[in-house]
Amino acid sequence: MNAVLEPVRYSVQLYAAPPRREYLNALFAIEAAVQDCTRPERQHEVGHRKLEWWAGELHDLHAGRGRHPDSLRLRRACDALAIHYPDLGPLVELARADLAAVAFETAAEIDGANRLWTLAVFDASVTASHAAAVLREAGSAVREIELIRNFAPRARLGRIHAVLDRGLDSVAQWQACPWPAGCAEALAQRLQRARQQLQQAAATLPPPDRSLQRPALTWMALAARSAALALQHLPRPIPARRSSAMRDVWAGWRAASSASLGRLPAALAEPLLELNVRKPTRVRP
């Protein structure tokens, strides 16, 4: 497995056609390098310096002058595909917000951040076609699920992917484990809504286009699967033992195989789960 890419993105690029596979591989490597600047064990000032370097590099890449090895790979892939160099500047802006632990005050701000990521990253998995627009709309739902899936460790760093509409007192609630009932129910509703958006977008894709959109459908299916798993474990996050690279890669293969045959992956076709957030278990003193 490519050591740079985490399992979901590995699966997405693996099932793309060769020219787009190289494009996605390089793009995901850049995304990972920018996100690496926000690692908690990295000194804050060092993270900011690296982000500033990447800001300049991605500006040059958009103009066709990037010099980082992954930028060069991306440029070659863009030339092979005859497409414009992507604007990945939003990745730096989102990483800066992470480092600063910027709080969201409205749901519109969360949606806006998800859309920025979609334009920079998810859109690359979508092959141009008449049905492409509806899949691009699914990118925000994919990002929503990914961030909620990793909500607990991010919240401990103050990076809370939720609206803080009750002042700073709500921070402790989002950092609790298990989450209080109100927080768990809010996360469940968001997961259900995002999963429904993915299923609705996939359902509008004509069968002949499903093979063409195999990378995007694979990503959407893995996100829907992750949402279903997260719902099962609320009000607690998914235990580390349930997170398996091999399971993700296997699920990605099954999703890509279905798309290749003109079928919807199971995770995008199965009925939605009913909201059933379990009550936190009391620990006896």
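Numbers here are sequence positions counted from 1. All values reported here derive from a predicted model rather than from experimental measurement.
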Which distance, rounded to the nearest 0.5 Å, do you find between the [atom1] of [X] and the [atom2] of [Y]?
| X | Y | atom1 | atom2 | value |
| --- | --- | --- | --- | --- |
| Q35 | L51 | CD | CG | 9.0 Å |
| H68 | D60 | NE2 | CG | 13.0 Å |
| R214 | Y15 | CZ | OH | 8.5 Å |
| L135 | S125 | CG | OG | 8.0 Å |
| Q232 | L191 | CD | CG | 11.5 Å |

For the residue pair [X] and [Y], establish whether any side-chain heavy-atom pair is separated by less than 4.5 Å.
| X | Y | result |
| --- | --- | --- |
| I145 | I148 | no |
| L205 | L217 | yes |
| Y23 | C78 | yes |
| D209 | T127 | no |
| S71 | I30 | yes |
| R254 | S257 | no |
| R20 | L24 | yes |
| L58 | V34 | yes |

Where is the tightest heavy-atom contact between [X] and [Y], given as atom of each residue plus distance?
| X | Y | value |
| --- | --- | --- |
| G262 | R210 | O-NH1, 2.9 Å |
| A184 | P235 | CB-CB, 3.6 Å |
| L72 | G66 | CD2-O, 3.3 Å |
| I238 | R149 | CD1-NE, 3.1 Å |

Under a 4.5 Å side-chain heavy-atom rule over Ile, Leu, Val, Met, Phe, Trp and Tyr, are [X] and [Y] clustered together?
| X | Y | result |
| --- | --- | --- |
| V171 | W179 | yes |
| V12 | L147 | no |
| L231 | L222 | yes |
| W174 | L157 | no |
| L81 | Y85 | no |

Looking only at side chains, do Q173 and S170 share a donor and an acceptor under 3.5 Å apart?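 Absent: no donor and acceptor within the cut-off.
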
Will you find, in the side chains of W219 and E146, an N or O donor that is under 3.5 Å from an N or O acceptor?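 Yes, because at least one side-chain N or O of W219 sits under 3.5 Å from a partner of the opposite role on E146.
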
Return the set of residues passing side chain to side chain contact (heavy atoms under 4.5 Å, CB included) with [X] (not counting sequence neighbours), or none when no residue passes.
| X | value |
| --- | --- |
| V46 | R42, Q43, R49, K50 |
| L27 | L74, L88, A124 |
| T118 | F122, D123, S140 |
| A155 | F151, I160, Q175 |

Considering only residues two or more places apart or on different chains, which pairs with a residue in [range] satisfy salt bridge (charged side-chain N to carboxylate O under 4.0 Å, His left out)?
| range | answer |
| --- | --- |
| residues 77-104 | E52-R96, E93-R96, D98-R154 |
| residues 21-31 | R9-E31, E22-R73 |
| residues 170-182 | none |

Does the pair L187 and E185 meet the rule for a side chain to side chain contact (heavy atoms under 4.5 Å, CB included), with working shown? CA-CA 5 Å; L187 291 179; E185 289 170 3; over 6 Å; no

Results of salt bridge (Lys or Arg N to Asp or Glu O under 4.0 Å) for E57 - residues two or more places apart only: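 None.
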
What do you reckon, is CZ of R136 surrounded by more than 12 foreign heavy atoms closer than 6.0 Å?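 Above 12, so yes.
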
In chain order, what residues pass the ring-ring contact (aromatic ring centres under 6.0 Å, His included) check against H44, with sequence neighbours excluded?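 In terms of ring-ring contact (aromatic ring centres under 6.0 Å, His included), with neighbours along the sequence ignored, H44 is linked to H48.
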
Set of ring-ring contact (aromatic ring centres under 6.0 Å, His included) partners for F104, sequence neighbours left out: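 By the ring-ring contact (aromatic ring centres under 6.0 Å, His included) rule, F104 matches H161.
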
Under the ring-ring contact (aromatic ring centres under 6.0 Å, His included) rule, what pairs show up with a residue in residues 181-214, not counting sequence neighbours?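 Those involving residues 181-214 do not exist here.
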
Please lay out, stage by stage, how R195 and L198 fare under the test side chain to side chain contact (heavy atoms under 4.5 Å, CB included). CA-CA 5 Å; R195 189 164 176 243; L198 293 178; 5.5 Å; no

Let me see the working for W253 and L14 under side chain to side chain contact (heavy atoms under 4.5 Å, CB included), right down to the final yes or no. CA-CA 9 Å; W253 177 82; L14 182 64; over 6 Å; no

Which atom pairs, donor and acceptor, lie under 3.5 Å between side-chain atoms of residues 105-115 and protein residues at least two apart or in another chain?
{"residue": "T106", "atom": "OG1", "partner": "E109", "partner atom": "N", "Å": "3.2"}
{"residue": "E109", "atom": "OE1", "partner": "E105", "partner atom": "N", "Å": "2.9"}
{"residue": "N114", "atom": "ND2", "partner": "E144", "partner atom": "OE1", "Å": "3.2"}

